[in-house]
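Numbering of ligands and ligand atoms starts at 1, following listing order. What you see is a predicted model; the values in this text were computed from it and never measured.
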Amino acid sequence: MDKRKIILDCDPGHDDAIAILMAARHPKLELLGVTTVRGNQPLNVTTNNALNICQWLNIDVPVCAGLDRGMVRPSPIGESIMIGERDGSGLDGHTFDPLTKKLDSRHAVDFIIETVLDSDTPVTLVPTGPLSNLGMAIRKEPRILEKIDEIVLMGGVYQHGNFTPAAEFNIYADAEAAYVVFTCGRPVVMMGLDITRKALCLPSVVNRIAKIENRASQLFVNLMSFFNRSQKNTFGWEGAPLHDPTCVAYLIDPTCIETKEMYTEIDITGGPSHGRTNCDFFNLMTDKPRNSKVCINLDVAKFWDIVEDCIKLYN
Ligand SMILES: [Ca+2]
């Protein structure tokens, strides 16, 4: 079976870290590269984190830095508001070795364009941060579209937001870029907060992963133990939602997530609902294209089995 080629575009971030971990070793996936964007933290921090994760797990793929701002508006930093102020590394809980892995000199936007155009088979784009790099890549080189088979993204919500009452952070942070992505004509799979909130990394999950005892489980346990403590302090939850890994779990086994095709429109009006993903759940706007598969349910047990399988693939 051919491996599915993917590019992970992210803003690590605890949950991005686990998405990278899962994407890099699974036999069904071929990770072509990791690109970074401003989101959870400023660009230099998210980039450093991506390099650290790849080095720790011996993931030998290019890491390319991308946009340090939104395409149009100044973008906020997510983590300070949603998770609480800390030391500012964005990956508290784990101590990495001194960093020797080098950043690839290509800009993330150019890396995405070159890699997609050069590939002999279609590429799946997996953004787990604000969509700035992908929006820019589509605008700069629209020929990539015909070689993108699917865009599987973490972002949006059809219920209530986490950054404003209306909007989820990744979409809010660069709503114009999200608008470009959702109107690009390629299939978009939207892992919104509606289902990612169900991927709660409860203490029982952390204990289960701790039994694996390899570098990947060590990273998982350290990051998630910290993440859980901070989420409990901020929101009162016993476990932190592991948003981004749902994208990778879906690529490995789509049966773990139920989707519904619908029209989704991004609010870029600048009003109180700016950055909202208006998902036409009941297909009221029959003249509009069903441009997205919106995720509406997560098989939680199956999801954690996939995460555990991915962690076991490391030495
Ligand atoms: Ca993220």
Side-chain angles (χ1 to χ4, degrees), residues 6-24 31 33-54 63-70 75-84 86 88-94 108 112 125-135 151-157 161-163 167-175 177-178 181 188-197 199-201 219-220 223-224 226-227 230-231 240-251 275 277 295 307:
I6 67 170
I7 297 173
L8 201 54
D9 182 51
C10 57
D11 62 339
H14 287 75
D15 54 336
D16 301 81
I18 308 307
I20 296 172
L21 181 161
M22 292 170 67
L31 181 63
V34 173
T35 53
T36 59
V37 67
R38 170 190 170 93
N40 276 314
Q41 296 287 338
L43 180 69
N44 61 327
V45 179
T46 60
T47 303
N48 225 39
N49 288 345
L51 288 166
N52 268 319
I53 295 155
C54 288
V63 174
C64 302
L67 266 76
D68 65 355
R69 65 196 67 194
S75 56
I77 291 293
E79 196 154 271
S80 59
I81 294 170
M82 292 183 298
I83 303 174
R86 293 193 304 277
S89 80
L91 277 185
D92 310 64
H94 185 81
I112 291 170
L125 298 181
V126 189
T128 60
L131 292 160
S132 317
N133 290 336
L134 187 46
I151 299 162
V152 179
L153 64 89
M154 191 279 135
V157 66
N162 65 349
F163 199 74
E168 178 279 334
F169 172 76
N170 284 346
I171 305 294
Y172 180 92
D174 197 344
V181 170
V188 173
V189 183
M190 178 182 126
M191 305 287 159
L193 297 172
D194 315 285
I195 64 129
T196 67
R197 281 185 176 127
L200 288 177
C201 189
L219 178 67
F220 183 97
L223 291 179
M224 289 307 123
F226 181 89
F227 201 31
S230 65
Q231 293 276 310
L242 218 46
H243 306 285
D244 298 339
T246 57
C247 293
V248 184
Y250 175 80
L251 293 170
T277 42
C295 298
V307 174

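- A side-chain contact (heavy atoms from CB on, under 4.5 Å) with L131 is found for exactly one of N170, L125, L153, namely L153.
- For D244, the N, O or S atom closest to the Ca ion (ligand 1) goes by the atom name OD2.
- Angle O(T128) to the Ca ion (ligand 1) to OD1(D16): 140° [nearest 10 degrees].
- Atom OD1 is the N, O or S atom of D11 at the shortest distance from the Ca ion (ligand 1).
- Heavy atoms only, all atoms of each residue included: G13 and N49 are closest at N-ND2, 4.0 Å.
- Evaluated for a side-chain contact (heavy atoms from CB on, under 4.5 Å) with H243, the options T128, D15, D16 yield exactly one hit, D15.
- When each of V126, I151, V37 is paired with L134, the side-chain contact (heavy atoms from CB on, under 4.5 Å) condition holds for I151 and for no other.
- Residue contact annotation: D15 places no N/O/S atom under 3.0 Å from the Ca ion (ligand 1).
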